[in-house]
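Both backbone and side-chain heavy atoms feed into the values below; hydrogens, waters and symmetry mates do not. The chains referred to below are lettered A, B, ... by the order of the sequence lines, with proteins before strands, and numbering in each begins at 1.
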Protein chains: 2
Amino acid sequence: MEEHEGLFRSYLDSRSLKMTRPRKIILEAVFAIHEHFDVDILYDRIRKKHRDVSRATIYRTLPLLVESGLIKQSLRCQAKDHYEHIFGHKQHLHFICNRCGRIFEVDSSGIEQDLRKLASGTGFRIEEINIEANGLCSDCGK
Amino acid sequence: MEEHEGLFRSYLDSRSLKMTRPRKIILEAVFAIHEHFDVDILYDRIRKKHRDVSRATIYRTLPLLVESGLIKQSLRCQAKDHYEHIFGHKQHLHFICNRCGRIFEVDSSGIEQDLRKLASGTGFRIEEINIEANGLCSDCGK
DNA sequence: ATTAATATTGAGACTCATTATCAAAATACC
DNA sequence: GGTATTTTGATAATGAGTCTCAATATTAAT
């Protein structure tokens with residue numbers, strides 16, 4: 001059993017929820033994607049292999065994966081919520097090119113540390129950080 | 001004529017768009033609000049004084065204000081897009097309390113400077129920055 | 001295994017923010 | 001003032017995300 005599966009399973013247990021077949025399929029599909037994804041992307045990939053996972057169940061399962069700390073909701077793009085892995089991935093921020101639409105991931109550990117320092121000064125307890133910058137990537141900016 | 005009105009007017013001119021009565025009303029209302037706002041908040045405030053500005057026109061005008069550099073689209077809250085001023089406001093980031101929903105603005109000039117340094121190293125040309133952290137505010141975190 | 005108690009599912013109806021449409025009204029330029 | 005072009009308000013349409021509910025799956029206990 002892969003590690004993310006074990007983590008998800010213990011999250012489910014702790015809430016007396018069940019590891020069902022659709023949830024397992026969704027979990028595997030999520031961790032087979034190594035970039036950002038939205039529900040449609042995930043749905044299409046799952047449907048190539050399985051006929052029996054509905055959009056509704058995907059919409060229901062993603063918050064569980066977020067709650068369990070395995071993924072997080074990150075940017076919003078084309079009016080859709082996007083998700084990304086936390087488990088097994090470094091902290092990073094996003095540079096989003098306004099022209100070609102590509103999303104670049106950049107290490108953000110230094111900046112996040114500053115941010116946490118800033119927060120602790122105000123008494124705010126950070127649970128999640130999102131940093132993004134829009135602009136022109138090096139290709140489009142020429 | 002207030003400065004933001006002049007700026008908006010020259011943006012409209014540059015695109016051969018017209019400064020109409022509804023657009024002027026919306027502009028004034030936007031700059032009479034000194035926090036984040038969404039379309040509903042704006043619509044309610046405008047409607048207290050004017051019967052003749054429709055939601056449709058607000059939805060049409062906000063992108064013009066964004067494009068002209070006076071405001072920007074910031075966070076998304078309760079499934080609604082939110083906007084905030086750029087003109088006349090300092091750079092700041094948002095701490096969003098997951099419990100009470102309050103949004104705290106914190107000066108972000110130091111962090112943004114680091115971010116720009118990081119970007120210039122990668123050749124990315126930043127046009128806009130959004131930094132936010134979710135968690136518990138000092139009241140809710142006790 | 002069977003059962004019973006509970007959780008979960010798929011399908012589709014529903015919500016609601018946002019966008020598109022279009023005829024009527026306003027605007028700017030001559 | 002007339003005319004070409006923009007803009008507007010009202011309303012219909014869109015579409016991501018949520019909710020409902022009867023049918024099904026899961027778990028733990030027998």
Contact between [X] and [Y] at the side-chain level, heavy atoms closer than 4.5 Å - yes or no?
| X | Y | value |
| --- | --- | --- |
| A/Leu7 | A/Phe87 | yes |
| A/Arg125 | B/Leu136 | yes |
| A/Val39 | A/Leu42 | no |
| A/Arg15 | A/Tyr11 | yes |
| B/Ile103 | B/Glu132 | no |
| A/Ile71 | A/Ile86 | no |
| B/Asp81 | B/Arg76 | yes |
| A/Phe124 | A/Leu118 | no |

Any side-chain N or O of B/Tyr59 less than 4.0 Å from the OP1 or OP2 oxygen of C/dT18? yes
Please tabulate the protein-to-nucleotide N/O contacts below 3.5 Å involving nucleotides 1-6 of chain D, giving atom names and distances.
| residue | atom | partner | partner atom | Å |
| --- | --- | --- | --- | --- |
| D/dT6 | O4' | B/Lys18 | NZ | 3.0 |

Rounded distance (Å) that lies between atom [atom2] of [N] and atom [atom1] of [X]:
| X | N | atom1 | atom2 | value |
| --- | --- | --- | --- | --- |
| B/Ile58 | D/dT7 | CD1 | C1' | 15 Å |
| B/Met19 | D/dT8 | CE | P | 11 Å |
| B/Ile25 | C/dA26 | CD1 | P | 13 Å |
| A/Lys24 | C/dA7 | NZ | C1' | 17 Å |

For the backbone of A/Ile111 and the side chain of A/Ser108, can you confirm whether one donor and one acceptor N or O come within less than 3.5 Å of each other? no
Is it true that a side-chain atom of B/Ser120 and a backbone atom of B/Lys117 form a donor plus acceptor pair closer than 3.5 Å? yes
Among D/dG9, D/dT18, D/dT26, find the nucleotide with the atom closest to the side chain of B/Arg60. D/dG9
Relative to the 5' end of DNA chain C, which residue comes earlier, B/Arg21 or A/Thr20, by the nucleotide with the nearest heavy atom? A/Thr20
Do any of [range] sit with a heavy atom less than 4.0 Å from DNA chain D, and if so which?
| range | result |
| --- | --- |
| residues 66-86 of chain B | none |
| residues 34-45 of chain B | none |
| residues 46-57 of chain B | B/Asp52, B/Val53, B/Ser54, B/Ala56, B/Thr57 |

Taking atom types as modelled, is there a side-chain donor on A/Glu128 or A/Asn130 under 3.5 Å from an acceptor on the other? yes
To the nearest 10 degrees, how far apart in direction are the end axes of the helix from C/dA1-D/dT30 to C/dC30-D/dG1, each fit to five base pairs? 30°
Value for CD1 (A/Ile46) from OG (A/Ser54), rounded to nearest 0.5 Å, stands at 9.5 Å
Atom of B/Ser109, atom of B/Asp107 and distance for their closest heavy-atom approach: OG-OD1, 2.6 Å
Heavy atoms of other groups near B/Arg47 CZ, more than 12 under 6.0 Å: yes
Tell me which donor-acceptor pairs under 3.5 Å the side chains of residues 24-37 of chain B have, and how far apart each pair is, sequence neighbours excluded?
| residue | atom | partner | partner atom | Å |
| --- | --- | --- | --- | --- |
| B/His36 | ND1 | B/Glu84 | OE1 | 3.4 |
| B/His36 | NE2 | B/His94 | NE2 | 3.1 |
| B/His36 | NE2 | B/Glu105 | OE2 | 3.0 |

Only one of A/Arg45, A/Lys80, A/Gln78 passes side chain to side chain donor-acceptor pair (under 3.5 Å) with A/Asp40, and that residue is A/Lys80
